[in-house]
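Below is one structure; the comments refer to it alone.
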Amino acid sequence: FEKLCSISLSHINVYACLVCGKYFQGETPRGLGCCRGGTWALPGVWCAAWGGTQGTPRDGYVLKPTFTAQQITNLDKQAKLSRAYDGTTYLPGIVGLNNIKANDYANAVLQALSNVPPLRNYFLEEENYKSIQRPPGDIMFLLVQRFGELMRKLWNPRNFKAHVSPHEMLQAVVLCSKKNFQITKQGDGVDFLSWFLNALHSALGGTKKKKKSE
């Protein structure tokens, strides 16, 4: 995967968080920071939730956006343009996904699913699924977590830029599909859609029995 800041999507002076494994942008190549449910910066480091080396708070919401039930209800009623921190304008939910290698087939599916209201509304509110219990060692729930994170970034009205990197979502896809779907070669969008929806359904506790499907 290309080493891009997970917030600004820049490749300049990027370092890795030693706690969560995400990439962030720093003023110097030696700068290191870490996060655990938030972000903080060491001296001389520009980090995602800060405006500069003096520690000017910017917006931790950019790193981990959240939505209330009322905000979700109003999404389709009060659609309006937002201005990213880089000055560009965009409509939340209608933003681009970076094409890292050959993952455009997956991007198209993920963007389409992010605009299906029942699915969108469910994943925008993390409380809907974070307490679901999975068997020890089960990795499939990672898809649920990453899809929820991506959904909230796509609909974030305070993004740094008018496009989002799907690299964490795609890492989960590669892992959970046992490399049947990758970012280094083209895949079939219909096959990916079918696998992805079935994988989400199973990870959320669904079964193959028709009467059990929701």
Side-chain angles (χ1 to χ4, degrees), residues 6-9 20 22 35-40 48-50 57-85 88-98 106-135 138-173 176 193 196-207 210-214:
S6 59
I7 302 301
S8 69
L9 303 181
C20 69
K22 295 181 181 179
C35 67
R36 186 173 295 175
T39 305
W40 55 271
W50 300 87
R58 200 165 236 196
D59 199 345
Y61 184 90
V62 176
L63 182 65
K64 191 176 181 180
T66 57
F67 292 81
T68 65
Q70 187 60 50
Q71 288 174 324
I72 295 172
T73 300
N74 292 335
L75 283 178
D76 298 320
K77 299 178 181 178
Q78 302 175 356
K80 62 179 181 180
L81 290 174
S82 294
R83 184 175 296 277
Y85 281 126
T88 58
T89 57
Y90 68 97
L91 188 65
I94 312 297
V95 297
L97 289 174
N98 283 12
N107 285 359
V109 170
L110 295 172
Q111 285 178 313
L113 292 178
S114 73
N115 282 276
V116 178
L119 195 65
R120 175 200 66 193
N121 297 350
Y122 180 83
F123 281 96
L124 283 179
E125 196 166 0
E126 190 176 6
E127 293 293 327
N128 287 330
Y129 59 81
K130 75 175 187 179
S131 60
I132 293 178
Q133 300 295 318
R134 299 297 300 168
D138 179 29
I139 63 171
M140 297 305 290
F141 196 70
L142 185 63
L143 279 178
V144 174
Q145 295 172 316
R146 294 292 181 256
F147 187 54
E149 292 170 1
L150 180 63
M151 188 77 75
R152 290 187 287 276
K153 289 178 181 178
L154 287 171
W155 284 90
N156 183 3
R158 295 193 295 231
N159 274 325
F160 266 88
K161 293 188 176 183
H163 52 95
V164 173
S165 175
H167 72 279
E168 292 173 309
M169 175 77 254
L170 296 174
Q171 283 178 322
V173 167
C176 295
L193 173 63
F196 188 67
L197 290 178
N198 281 322
L200 285 180
H201 175 70
S202 177
L204 289 167
T207 70
K210 292 184 178 180
K211 292 183 178 181
K212 297 291 184 180
S213 299
E214 297 181 1

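Source: prediction; values computed, not measured.
When all heavy atoms of Arg146 and Met169 are compared, the pair lying nearest together is C-SD, 3.8 Å. Nearest heavy atom pair, residue Ile132 against residue Ala203, reads CG2-O, 4.3 Å. The minimum heavy-atom distance between Gln71 and Thr68, with the atom names listed, is OE1-N, 2.9 Å. When all heavy atoms of Pro157 and Pro92 are compared, the pair lying nearest together is CA-CG, 4.0 Å. When all heavy atoms of Leu150 and Ser165 are compared, the closest pair comes out as CD1-O, 4.4 Å. Taking all atoms of both residues into account, the shortest heavy-atom contact from Ile72 to Arg120 is O-NH2, 4.4 Å.
Residue His201 holds its NE2 atom at 12.5 Å from CE of Met140, rounded to the nearest 0.5 Å. Interatomic distance, Tyr122 OH to Leu200 CG, rounded to the nearest 0.5 Å: 9.5 Å. Atom-to-atom distance recorded for Phe123:CZ and Arg152:CZ is 9.5 Å, nearest 0.5 angstrom. From Asp138, atom CG reaches atom SG of Cys176 across 8.0 Å, with rounding to the nearest 0.5 Å. Separating the CG atom in Leu143 from the CG atom in Leu197 is a distance of 11.0 Å, to the nearest 0.5 Å. The distance from the CD atom of Gln145 to the OH atom of Tyr129 is 7.5 Å, given to the nearest 0.5 Å.
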Problem - Worked verdict on Phe67 versus Asn121 for side-chain contact (heavy atoms from CB on, under 4.5 Å) - result: CA-CA 9 Å; Phe67 292 81; Asn121 297 350; over 6 Å; no
Practice task
Evaluate side-chain contact (heavy atoms from CB on, under 4.5 Å) for Leu75 paired with Leu124, printing each intermediate quantity in order.
Solution key: CA-CA 11 Å; Leu75 283 178; Leu124 283 179; 3.4 Å; yes
Practice task
Would you check, one step at a time, whether the test side-chain contact (heavy atoms from CB on, under 4.5 Å) holds for Asn98 with His163?
Solution key: CA-CA 7 Å; Asn98 283 12; His163 52 95; 3.1 Å; yes
Practice task
Run the numbers on Leu154 and Asn115 for side-chain contact (heavy atoms from CB on, under 4.5 Å), then give the verdict.
Solution key: CA-CA 10 Å; Leu154 287 171; Asn115 282 276; over 6 Å; no
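Checking each of Leu97, Val164, Val95 against Lys153 for a side chain to side chain contact (heavy atoms under 4.5 Å, CB included) leaves exactly one that passes, namely Val164.
Although no hydrogens or angles enter the test, the distance criterion places no donor-acceptor pair under 3.5 Å between the side chain of Ser202 and the main chain of Asn198. The main-chain N or O of Ser114 is found under 3.5 Å from a side-chain atom of Trp155 such that the two form a donor-acceptor pair.
For Phe141, the ring pair (Phe, Tyr, Trp, His ring centres under 6.0 Å) test picks out no residue, with sequence neighbours left out.
Between the side chains of Gln111 and Asn107, no donor-acceptor pair is found at a separation under 3.5 Å.
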